[in-house]
Amino acid sequence: MAESYIPQQIESKWQEKWEADKLYKAVIDPTMPKFYALTMLPYPSGDIHIGHWYAMAPSDVRARYKKMQGYNVLFPMGFDAFGLPAENAAIQRGIHPKTWTLRNIDRMRTQLKSMGAMFDWEREAVSCLPGYYRWTEWLFLKFYEMGLAYRKQSPVDYCPNCKTTLAREQVVGEERICERCGTPVVKKDLKQWFWRITNYADELLDFSEIDWPDKIRTLQTNWIGRSEGAEVVFKVAPEDMLAEAGAPGTGVPGEGDLVVFTTRPDTLWGATFMVLAPEHPLVDRITKPEQRNAIADYQTQATRQTEIERLSTEKEKTGVFTGAYAINPVNGERIPIWVADYVMMTYGTGAIMAVPAHDERDFAFAKKFELPIPVVIKTEDWDGEPLEEAQPGEGVMINSGPFDGTPAPHPAVEKVTSWLEDQGKGKAAVNYRLRDWLISRQRYWGAPIPMVYCDKCGAVPVPYEDLPVLLPDDVDFMPTGESPLKYHEEFLHTTCPKCGGPATRETDTMDTFVCSSWYHYAYLSPYYKDGEPLDTNSIPWDPEEAKYWTPVDTYTGGAEHATMHLIYTRFFTKALRDAGLVDYDEPMLQLRNQGIILGEPRLGDCVEITGEWDGATFRAQEVKVYSFKDQADWPSAGRSDNRVCGEVMDRDDVSLKVRVKEETEEVDEGALVVVQIKEGLPVIIPGKEGVGNLGDILYHLEVEKMSKSKKNVVAPDDLVTTYGADIVRAYLMFGWRWELGGPWDSQGIEGVVRWVHRVWNLIQEEPRDRVPVQPEDEDTLLRAMHRAVKAVTEDMENFSFNTAIARLMEYTNAITKARAALWGTAAWEQAIHTLLLLMAPITPHMTEELWAYLGKPYSIHQQSWPTWDEEMLVESTLEIPVQINGKVRGKITVSADADEETIKAAALAEPNVARHTEGKQIVKIIVPKGKLVSIVVKK
RNA sequence: GCCGAAGUGGCGGAAUAGGCAGACGCAAGCGACUCAAACUCGCUCGAGCUUAGCUCAUGUGGGUUCGACUCCCACCUUCGGCACCA
């Protein structure tokens, strides 16, 4: 009798042995091809949750599969350990962020180890340790040296709840709320550090060297938002330039020049007014005295509008005339200059030429303020009447001087652009939506920005040899909106590295995305050269390791990082390349995203309560509970003077929300009743002895993201205790399409449980009733084996994990069928060895145990991945369907090498086919090789 | 509004250089084993009908084709992203 399968015993046993044997230590071996597999590192929030498993377990499976295929695999793990939650814990609970973080990391490392992944823990890197963040600081200095870092005063998004600035991509939705806490952000004018990611905008649009999902490529492309067009110079009408306007305008080339960016220079002749953003520097200088007040009011209102929540969903155009005019450079017309908030200071030049006939926004504005709308592009269906709406489509240029008759937009745009260049009135230009990366955060728990401010010398970088700038431990965390470091005298005051005079340190720290932009390099040699002094020529990692392992071959993680981490890390590697630190353009060659596991939906229990009404609420005297599992036995829902009955939709300490109408009925106001339950009131659960309490009652759960407050969290630790890691790994692969994810299904896992147990018993238990071997048995089994090897290999390669498991289940079924006849034969041995090898990456412990049981050499994880023989897949006879006019009417069995005529004859002879062709004219017969027979008949 | 993805049994999902729709599982039903239950094993399982077979069926409506989940056109729904980007 076989040993029963007790995963709790075998899993820890093998995990200990693998660790002791350093089975997964990744060591450079120039004789082997390398494979750098990487999965996004977790934030140490406290517990590993099912989402981490869903992301990491299949990634581990694939790393193991690559290892068996003969690659030298590096599969590291670490922690993204700086960030707000640690600091919030400090504020709320008085725990130091470092203590909180390191404690969580210890806990999560242990939890991760229960997964049985092949992580090389000797390469673990934790971004909040000085050995790590001094290199983050070093990289800042490098970027500064390269001219990629700069500091400027600018309006930034600020979360009043987190008390820190946010990068643009951390502000979400139309309501512009903080991604982390949902608080509406406000604008603050602060001096901040930026990185010139825009230098790489064009290069970031090029995905030709990487195999990344279309979705991510599209998101990044849209985020960068490249648009081609022209910059055109409009002159302010000379009489409108004010005498006192002496100072040169910021970002404006010539005195009184208004530069606009347009994607449609071919519509220049239709520009009948101009619009400046309220913050545009020229506004104050050109506004006529009589318009001063109106403009000033409008500017104030516009500023406030970004600060208060934008309530209005309809965006009625607003604006104020400055009183001044500009000259349209192509036809010399005087056109009014307006100020309106539909023009953004942050895009293009903050000024536009308005062409109402061919731009929807300009059209709406012109309609509202009764400005002329001349047509300059004649579209096919234009009847010559005034336009009802803007016509941005294709057409032919009219009323456009020398260009009349030119097809627009092409080649009109190109022709007009080069004409403008010849005339010195404009030039071709490219604009991006992407803006420089704001990295300053007014927080303590982040990598310090290694800069010093001196009254004499200004901003001075901390010398490389003085790194790291260490975070002091004794900091007061009370949030003020400024970095806590600002109030730490010892940290704040320093001497200027240049002149030796008194100076202060930068007290802002870096966005944590900086740390995670280079962690895949940190894994190569964690905390490299810790303690040794640095200089400008240092390298943050062991160059030999980098040369062998990088770039990353396969990167897996969530698609939610598309416009943040995944764009920053590409930028980083391009900057590192320009710094001479790497010799390639892209950090990760292949990227795949997994989906999200949501909470499991579930009915609530049913309660039948007697009591009495008190206004709209019902006071309970007795509560009877019926389990959500036995819906058939529920008493019928409803409400009366002394009774309320229905499903529990929600619950708190003193009340239940009960749905008093049946599922099928329309839900209205009266469908939910709030029942007040006094503390200690007995709760009667039929079939259960004694009294329960309110906390025993389960309430209705919808499909939602898992969260502690919704109490729909699936804890991997519990699952491992119940089922073992192997089964959880396999189920996470089998239950959903990996890239989509979906709601958790606690019953679905049973299928995987049965499968794994079946394999376990299949190999260990000799069949009780043997049957004689039939001649074709061996072929059938081996054919199934070769099929499985092929299918599983292809599925692994394509991240199609659910079908890989399905194929393995199919193969297991085939072996089960062959068992009674073939047990103990050579073919049997081959079949079960192959099954174990194919399953080894998925269920590493259980296959290792069975491999040892069969007396095979340790370790199964050092064996080669099986290969298949195409010839073995071919069957000698085929069953193929016969269609008549596209409908299947029968099936025939023919030998695989039968010629077309034989197949046709067999098809026509099939009784049901013959019945359907009788008395009809056969038009033609199509025979795609080995697939089917298609007969076309006519009456 | 714009961009992108997805709609297949009661459920998760298979199948796309066009070729037997529903692989593999879950749930359900029936049966075997058992004193009994659980486990396990076997069978049934898209809907309908006048059931050796036939009709309908992959979000809806058209089209191409001997043949369409797959390709084309129009539309609907859901999800994700962007949102006055000139």
Side-chain angles (χ1 to χ4, degrees), chain A residues 4 169 172-174 213-223 225-227 229 260-264 267 271 274-275 277 315-318 340-344 346-355 358-362 364-365 392 431-435 559-560 562-563 595 601 731 734-737 739-755 757-758 761 791 800 802-813 816 879-891 911-912 915-916 923-937:
Chain A
S4 50
E169 44 276 48
V172 295
E174 192 167 6
D214 286 347
K215 174 178 167 152
I216 301 293
R217 291 158 47 148
T218 308
L219 285 171
Q220 293 202 349
T221 303
N222 293 342
W223 186 260
R226 180 191 157 100
S227 47
V260 301
F261 173 76
T262 176
T263 53
R264 292 296 302 272
T267 62
M274 294 191 73
V275 185
K315 284 161 191 158
E316 176 87 355
K317 293 277 181 290
T318 59
D341 64 1
Y342 83 92
V343 174
M344 309 286 126
T346 46
Y347 184 81
T349 62
I352 62 154
M353 63 172 205
V355 183
H358 307 292
D359 180 283
E360 280 176 40
R361 295 152 302 179
D362 298 342
F365 195 84
N431 241 289
Y432 301 92
R433 210 187 79 98
L434 181 73
R435 278 182 274 154
E560 67 275 17
T563 55
Y731 180 52
F734 181 61
W736 306 262
R737 281 163 65 175
E739 69 277 19
L740 291 181
W744 179 256
D745 177 358
S746 51
Q747 284 194 96
I749 196 169
E750 294 300 332
V752 174
V753 171
R754 283 176 204 141
W755 173 54
H757 280 85
R758 209 158 62 235
N761 295 329
S800 183
N802 57 342
T803 53
I805 306 267
R807 295 313 196 157
L808 285 167
M809 288 174 167
E810 248 172 13
Y811 179 42
T812 305
N813 293 343
T816 307
E879 192 190 45
I880 59 176
V882 182
Q883 291 184 350
I884 295 168
N885 288 351
K887 284 186 163 50
V888 178
R889 297 298 181 188
K891 284 172 189 178
N912 198 43
R915 202 162 65 81
H916 279 273
V923 180
K924 58 176 165 177
I925 303 178
I926 301 152
V927 186
K929 201 169 171 29
K931 283 182 180 160
L932 52 54
V933 179
S934 183
I935 303 169
V936 188
V937 299

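Everything quoted here is computed from the prediction, not taken from an experiment. A note on names: the letters A, B, ... follow the listed sequences, proteins ahead of strands, and every chain is numbered from 1.
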P atom, B:rA68 versus B:rG61: distance in rounded Å? 15 Å

Integer angstrom distance from the P of B:rC79 to that of B:rC69: 27 Å

Distance check, P atoms only: B:rG48 and B:rG31, in whole angstrom units. 22 Å

Does A:V343 reach a base, just sugar-phosphate, or nothing at all? Heavy atoms under 4.0 Å. base

Could you state the CH2-P distance from A:W755 to B:rC39, rounded to the nearest angstrom? 21 Å

Mind checking the P distance from B:rA38 to B:rA28? Whole angstroms is fine. 11 Å

Relative to the ring of A:F365, is the ring of A:Y342 parallel (under 30°), tilted (30 to 60°) or perpendicular (over 60°)? tilted

Strictly by modelled atom types, are A:N222 and A:R433 linked by a side-chain donor-acceptor pair under 3.5 Å? no

For B:rG29 versus B:rG10, give the span between their C1' atoms, rounded off to a whole number of Å. 13 Å

Quantified in whole Å, what is the P atom distance between nucleotide B:rA15 and nucleotide B:rG7? 12 Å

Is the phosphate of B:rA5 approached by A:K215 (side-chain N or O, under 4.0 Å from OP1 or OP2)? no

Phosphate OP1/OP2 of B:rG4: any A:R217 side-chain N/O under 4.0 Å: no

Distance between C1' atoms of B:rU58 and B:rG13 (Å, rounded): 13 Å

Base, sugar-phosphate alone, or nothing: which one does A:S934 contact when heavy atoms must sit under 4.0 Å apart? base

With sugar-phosphate meaning primed atoms plus P, OP1 and OP2, does A:Y432 contact a base, only sugar-phosphate, or nothing at under 4.0 Å between heavy atoms? nothing

Earlier contact from the 5' end, RNA chain B, for A:E879 and A:G348: A:E879

Just to confirm, is there a sub-4.0 Å distance from OP1 or OP2 of B:rG25 to any side-chain nitrogen or oxygen of A:R758? yes

Are OP1 or OP2 of B:rA14 and a side-chain N or O of A:N802 less than 4.0 angstrom apart? yes

How many Å lie between CD on A:Q883 and P on B:rG19, as a whole number? 11 Å

Considering only atom C1', compute the distance from B:rG46 to B:rG9 and round it to an integer number of Å. 5 Å

